[in-house]
Visitor: 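What follows is a single structure, and I will ask about it in a moment.
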Amino acid sequence: MEECNKEISMIQKWLNQHNELYTSATRHPFTLSIRDGSVDLSAFKRWLGQDYIFVRAFVPFVASLLLKAWKESDEDSDIEVILGGIAALNDEVSWFKSEASKWSVSLSTTVPQKTNLEYCRFLESLMSPEVDYTVAVTAFWAIEAVYQESYAHCLSDGSKTPEELKETCQRWGNDGFGQYCHTLQNIANRRLEKSSEDIISKAEATVIRVLEYEVEFWNMSRGET
Ligand SMILES: Cc1ncc(CNC=O)c(N)n1
């Protein structure tokens with residue numbers, strides 16, 4: 001009963017409206033195959049090589065977001081949250097290198113697939129100073145939330161995730177990362193509440209694009225191209 005009069009947040013509203021797309025991104029056949037233990041290890045290696053390329057492009061995106069927060073944010077703590085994200089990415093880049101060597105994936109010779117290039121180009125478009133902080137931070141939340149939801153599901157009750165993939169799932173599926181995504185969602189909602197219709201509709205369209213790219217990104221693990 002206590003929750004009855006609580007207003008539904010903008011992001012919650014979008015997740016309800018675009019539930020089918022959100023579910024395709026967070027319950028993709030690739031991550032579901034990790035969860036049920038049937039994963040094809042060559043698919044996992046393809047994902048690993050492509051994701052390293054993505055993460056390298058993600059770093060300057062988050063750096064551009066830090067700059068927008070510094071210029072536009074009404075809340076000092078936003079900078080600290082984003083800086084924490086950059087620190088985590090520093091660790092993540094090292095992790096990708098050691099994980100790649102563990103699986104004998106050569107990162108220096110991995111060629112970015114078309115979907116990956118397009119997603120990286122989309123990230124680059126969000127780095128433009130023309131893109132509003134609210135739109136960019138909402139995109140950031142969506143990008144992080146897909147990995148958090150997808151990999152947390154691989155560790156939840158009843159999962160049969162192979163031992164050698166648990167560390168990967170932990171990286172994005174751990175409770176701390178869940179908390180961090182929740183904080184990003186709160187920042188995005190706070191900004192959206194104060195935004196014009198124009199910014200709100202741009203942010204919604206951006207979230208939809210992110211979710212579509214995330215589905216296509218998981219699709220690359222099939223290696224059909
Ligand atoms: C394609 C994609 N989307 C989101 C993430 C998670 N963020 C940073 O690691 C990721 N690694 N890759």
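Numbering of ligands and ligand atoms starts at 1, following listing order.
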Visitor: For atom 9 (O) of ligand 1, which candidate among Glu214, Glu92, Met220, Glu144 holds the nearest heavy atom?
Guide: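 Comparing heavy atoms across Glu214, Glu92, Met220, Glu144, the nearest one to atom 9 (O) of ligand 1 lies in Glu92.
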
Visitor: Under a 3.5 Å cutoff, is there a donor and acceptor pairing between the side chains of Trp95 and Glu167?
Guide: yes

Visitor: Which of the numbered atoms in ligand 1 are below 4.0 angstrom from a heavy atom of Ile143?
Guide: 3 (N), 4 (C)

Visitor: Anything under 30° is parallel, anything over 60° is perpendicular, the rest tilted; go ahead and classify Tyr147 against Trp47.
Guide: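 Judged by the thresholds at 30° and 60°, the geometry between Tyr147 and Trp47 is tilted.
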
Visitor: Taking side-chain hydrogen bond (donor to acceptor under 3.5 Å, both in side chains) as the cut-off, I'd like each qualifying pair that reaches into residues 80-94, sequence neighbours left out, listed once.
Guide: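 Qualifying pairs, neighbours excluded: Asp91-Arg171.
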
Visitor: Answer yes or no: is there a side-chain heavy-atom contact under 4.5 Å between Leu123 and Phe54?
Guide: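 Yes, their side chains come closer than 4.5 Å.
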
Visitor: Out of Tyr147, Phe217, Trp172, who gets a non-hydrogen atom closest to atom 2 (C) of ligand 1?
Guide: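 Selected option, by shortest heavy-atom distance: Tyr147.
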
Visitor: Near Asp76 CG, under 6.0 Å, is it more than 12 heavy atoms from other residues, nucleotides or ligands?
Guide: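 12 or below, so no.
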
Visitor: Can you find a heavy atom in the side chain of Ile200 that is under 4.5 Å from one in the side chain of Trp14?
Guide: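 Counting from C-beta outward, Ile200 and Trp14 do come under 4.5 Å.
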
Visitor: Could you list the atoms of ligand 1 found under 4.0 angstrom from a heavy atom of Phe58?
Guide: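 Checking each atom against Phe58, I get 7 (N), 8 (C).
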
Visitor: So if I count the atoms of ligand 1 from 1 in the order they appear, which ones are less than 4.0 Å from some heavy atom of Val55?
Guide: 9 (O), 11 (N)

Visitor: Measure the distance from atom 11 (N) of ligand 1 to every protein heavy atom, then report the residue, atom name and distance (to 0.1 Å) of the closest one.
Guide: Asp51 OD2, 2.9 Å

Visitor: Under 4.0 angstrom from ligand 1, any heavy atom of Tyr213?
Guide: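 False for this residue.
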
Visitor: With a cutoff of 4.0 Å, is Val146 in contact with ligand 1, counting heavy atoms of the residue only?
Guide: no

